[in-house]
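So the structure is just underneath, and the comments pick up after that.
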Number of protein chains: 2
Amino acid sequence: MKQYPHPTADQINLTCVLHALSDPVRLNFVRCLAEQLCEQRCGAIPTPVAKSTMSHHIRVLRESGLIRVRTEGTQSLTSLRKDEIEAKFPGLLAAVLEAAKEDEAIIALSEK
Amino acid sequence: MKQYPHPTADQINLTCVLHALSDPVRLNFVRCLAEQLCEQRCGAIPTPVAKSTMSHHIRVLRESGLIRVRTEGTQSLTSLRKDEIEAKFPGLLAAVLEAAKEDEAIIALSEK
DNA sequence: GATATAGTTCGATAGTCATAGAACATTCGA
DNA sequence: TCGAATGTTCTATGACTATCGAACTATATC
């Protein structure tokens, strides 16, 4: 049961986080994660891209420090590192998520 | 005296803004602008890149809606569209600027 | 063991991006 | 008018990126 490396809070970098959030597919994924209380299967979140592409995006999000990924059985469970990001960049994630709520282009993605 | 097109508040897009902010050179530029009360000459802000590169970055920032650029004589004056961004994405710019203050990689750029 | 499920990795591709130098445009001073 | 100052545009380049399909890995189920 392979697990993946995650940056520590110290290693989380502002420009990496902003870059990770600047892709519509990734931003939509983060938005969906934020609305859930528990860990989510990657495949449970609707997206218009191939699963190999999604795997790539999840890697970018994980390496930026935004999400935590844990494999269990055949599935890989993701969760938002909300508290850690909030501690490091106060208000940032909340502001982005609030802004994403209004963004039609992002919302449209979750309906595909 | 050529002037440049700017997106209206309606046209400002979240992912474009995040992308514009995700480059260290641009984020540093925005951070410097935010600290000033008045418009700034492009060249007045220290950066480690060539002026043609800076011109490119300023274009990206302008097209994203983050800054306003106005030419006057031989110089081009830039200012942050703080209020408009705040109205569109409440708290976002403030959170990013606050986070950038702590980011050593960004601060280092302004000392070059 | 065979098959299905859930993701990952690999290889390829087309596109974007940051970068710089050279040439150019425009304006201001001497 | 001739330079100097300040940026912009053009072109090129190397790096990175989003995308996909195919092959693969690992686990679960029958």
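The chains referred to below are lettered A, B, ... by the order of the sequence lines, with proteins before strands, and numbering in each begins at 1. Values below: every heavy atom of this structure, side chains too, minus hydrogens, waters and symmetry copies. Since the model is a prediction, treat every value here as computed from it, not as a measurement.
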Do the side chains of A:R59 and A:E63 get close enough for a salt bridge, i.e. N-O under 4.0 angstrom? yes

C:dT5 phosphate, OP1 or OP2: any side-chain N/O from A:R41 under 4.0 angstrom? no

Same cluster for A:L92 and B:L97 if Ile/Leu/Val/Met/Phe/Trp/Tyr side chains link at under 4.5 Å? yes

Please report the distance, rounded to the nearest Å, between CZ in A:R26 and C1' in D:dT17. 9 Å

Closest to the B:S76 side chain, choosing from D:dG7, C:dC17, C:dG7: D:dG7

Expressed in angstrom and rounded to an integer, what is the separation of A:L77 atom CG from C:dT8 atom P? 11 Å

Should A:H19 and A:R26 count as side-chain neighbours, where that means a heavy-atom distance under 4.5 Å? yes

To the nearest Å, give me how far apart CD (B:Q3) and P (D:dG7) are. 14 Å

Starting at the 5' end of DNA chain C, which residue's closest nucleotide do you reach first, B:H56 or B:S52? B:H56

Please tell me which of the listed nucleotides, C:dG7, D:dT8, C:dG21, lies nearest to the side chain of B:A50? C:dG21

Tell me: CG of A:D23 to C1' of C:dG15, nearest whole Å? 14 Å

Using atom types as modelled and distance alone, determine if a side-chain donor or acceptor of B:R62 lies under 3.5 Å from a backbone N or O of B:P5. yes

Does B:T74 place a side-chain N or O at less than 4.0 Å from the phosphate oxygens OP1/OP2 of D:dA5? no

Given D:dT19, is OP1 or OP2 found less than 4.0 Å from the side-chain N or O atoms of A:H57? yes

Which residue lies toward the 5' end of DNA chain D, B:I58 or A:T53, if each is placed at its nearest nucleotide? B:I58

What integer distance in Å separates A:M54:CE from C:dT9:C1'? 17 Å

Spacing of B:L21 atom CG relative to C:dC17 atom P, expressed in whole Å: 15 Å

Atom-to-atom span, CD of A:E72 to C1' of C:dT5 - whole angstrom: 15 Å

Between atom NZ in B:K51 and atom C1' in C:dT19, what is the gap in whole Å? 15 Å

Return no unless some side-chain N or O of A:R59 is found under 4.0 Å from OP1 or OP2 of C:dG7. no

Are the side chains of B:L66 and B:L93 in contact, using a 4.5 Å heavy-atom criterion? yes

